[in-house]
**Student:** 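The structure follows.
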Amino acid sequence: MKILAIDDQQLILLSLEKHLTDLGFSIKCASTGEEGLELFDSYKPDIVIVDINMDGMSGLDVVKHIRIEKKSQVKILVLSGNTSEDTIIDGFDLGIDDYMKKPVSLNEVTVRISRIFGIKIDKLQNKDTKDQMLQKRCVGVVIPCYNEEERLLSKEFIDFVDSNLGYHLCFVNDGSTDKTLEVLNNLKKGRETNISVYNCEKNGGKAEAVRQGVLHLAKDPQLDYIGYLDADLSTDFRDFDDLVKTIETSDFKIVSGSRMSRMGADITKESARKIISKTINLIIRTILGMPFNDTQCGAKIMDKDIVKHMFNDKFISAWIFDVEIFIRMRKHYGKKKAISYICEQPLKRWIHADGSKLSMKDSIKIVGQLGQIALHYK
């Protein structure tokens, strides 16, 4: 049986292709509606799996062309993050056979295909894809790394990308002097679709590593959102995914994690570090003139469209560049709009990880860097 998959996100297509090929199906993929229709004529598939929201020809246009122009009764399964009731109804009115809403597991896709083809489900079971999810949107995550050879949590990163197929992790080696680059290259082996390594030969500091990584990911047309996360995973992946869900379902342009303690949250810091952190946050709030409590949390997700405005120019500080992002938002959009475009979302869990590269002495220096930032952006 032959399957044609049409989606403008390569992360989704490649995951579908591998999964369905492993199950014994013949599958061809297209990244645009126009390309998909060309393949439809030459490949003559038994089923078409198509996304709705694609640049150029939409999924509904593809369905309309197949049903009305070509008068074909081939089975059509829509796999889309578009959950609009009107769109779903339009799809069925045009003659689709099923509509699947992302996020959805690969095994559920298998069950839906088996139902359409009338195949027994047990023949299409694949234990290796248990809990693997196709996301609603494709997300790029920058993870800056400097001398992380000993504490990089490789298993946690691998488990995450294996289960969340709409994510691409970009590890930026910031001129490490240990074997970090070797560890990262081993980490991406066999998972090049979902893991990449961007190597900076010289150490430029966290700010520049994140900036270079974000600009690198911004060139990938399939990504809807770009974020960054600390290599020590002090922010839990579940919390980061919650930040993504918030930006997906809102008009925010930045959703930033917040480590402010609240009931039911597992937020731990060293006592001295906590005192310094509160002092720095007070200074930051004064400089920003905006009501944000924790700009420095290392977990943020952004709409890809703001990257060119926030990351084109180098940052003044090597560490507290997050403050500069917020200031650049204020300067670009105006204070009122900037406040409405930034969401500060409390984390359920955050742990200060041992081996932090930021010492107490560095924390004191930050006060001076904040003064430089205030003067530069005045």
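Computed from a predicted model, the values in this text were never measured in an experiment. One is the number of the first residue; the rest follow in order along the sequence.
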**Student:** Mind telling me whether His216 and Tyr198 have parallel, tilted or perpendicular rings, with 30° and 60° as the class edges?
**Tutor:** tilted

**Student:** With a sphere of 6.0 Å drawn around NZ of Lys70, does it hold more than 12 non-hydrogen atoms of other residues, nucleotides or ligands?
**Tutor:** yes

**Student:** Check Asp294 with Arg259, please: is the shortest side-chain N to carboxylate O separation under 4.0 Å?
**Tutor:** yes

**Student:** Output the distance between atom CD1 (Ile47) and atom CG (Leu20), rounded to the nearest 0.5 Å.
**Tutor:** 9.0 Å

**Student:** Determine the sole option in Val111, Val109, Ile116 for which the side-chain contact (heavy atoms from CB on, under 4.5 Å) test with Ile113 is passed.
**Tutor:** Val109

**Student:** Apply the test salt bridge (charged side-chain N to carboxylate O under 4.0 Å, His left out) to residues Asp98 and Arg115: give CA-CA distance (whole Å), side-chain angles for both, the deciding distance (0.1 Å), then the verdict.
**Tutor:** CA-CA 10 Å; Asp98 205 349; Arg115 183 191 64 81; 3.3 Å; yes

**Student:** What's the verdict on salt bridge (charged side-chain N to carboxylate O under 4.0 Å, His left out) for Lys245 and Glu248, showing C-alpha distance, side-chain angles and the deciding distance?
**Tutor:** CA-CA 5 Å; Lys245 289 174 183 174; Glu248 281 181 340; over 6 Å; no

**Student:** Run the numbers on Asp159 and Lys155 for salt bridge (charged side-chain N to carboxylate O under 4.0 Å, His left out), then give the verdict.
**Tutor:** CA-CA 6 Å; Asp159 288 346; Lys155 183 180 184 302; 2.7 Å; yes

**Student:** Rounded to the nearest 0.5 Å, what separates atom NZ in Lys102 from atom CG in Asn53?
**Tutor:** 8.5 Å

**Student:** For Asp242 and Lys348: C-alpha separation, side-chain torsions, deciding distance, then whether salt bridge (charged side-chain N to carboxylate O under 4.0 Å, His left out) applies.
**Tutor:** CA-CA 10 Å; Asp242 285 342; Lys348 296 184 180 70; 3.0 Å; yes

**Student:** Donor-acceptor check, side chain of Asp239 to backbone of Thr235, threshold 3.5 angstrom: yes or no?
**Tutor:** no

**Student:** Determine the sole option in Leu77, Ile76, Ile89, Asn82 for which the side-chain contact (heavy atoms from CB on, under 4.5 Å) test with Tyr99 is passed.
**Tutor:** Asn82

**Student:** Is Asn147 reaching over with its side chain to a backbone N or O of Ser176, donor-acceptor style, under 3.5 angstrom?
**Tutor:** no

**Student:** Let me confirm one number: the CD1-CG distance from Ile3 to Leu16, rounded to the nearest 0.5 Å.
**Tutor:** 8.5 Å

**Student:** Tell me if the CD atom of Glu201 is crowded by more than 12 foreign heavy atoms within 6.0 Å.
**Tutor:** no

**Student:** Quick one: CD1 on Ile301 to OG on Ser256, what's the gap to the nearest 0.5 Å?
**Tutor:** 11.0 Å

**Student:** Is the shortest distance from a Lys or Arg side-chain nitrogen in Arg191 or Asp162 to a carboxylate oxygen in the other one below 4.0 Å?
**Tutor:** yes

**Student:** Regarding Arg211 and Asp313, does a basic nitrogen lie under 4.0 Å from an acidic carboxylate oxygen?
**Tutor:** no

**Student:** Using the ring of Tyr228 (Phe, Tyr or Trp, six-membered ring only), decide whether Lys300 places NZ or CZ under 6.0 Å from its centre and within 45 degrees of its axis.
**Tutor:** no

**Student:** Would you say NZ of Lys2 has more than 12 non-hydrogen atoms from neighbouring residues, nucleotides or ligands within 6.0 angstrom?
**Tutor:** yes

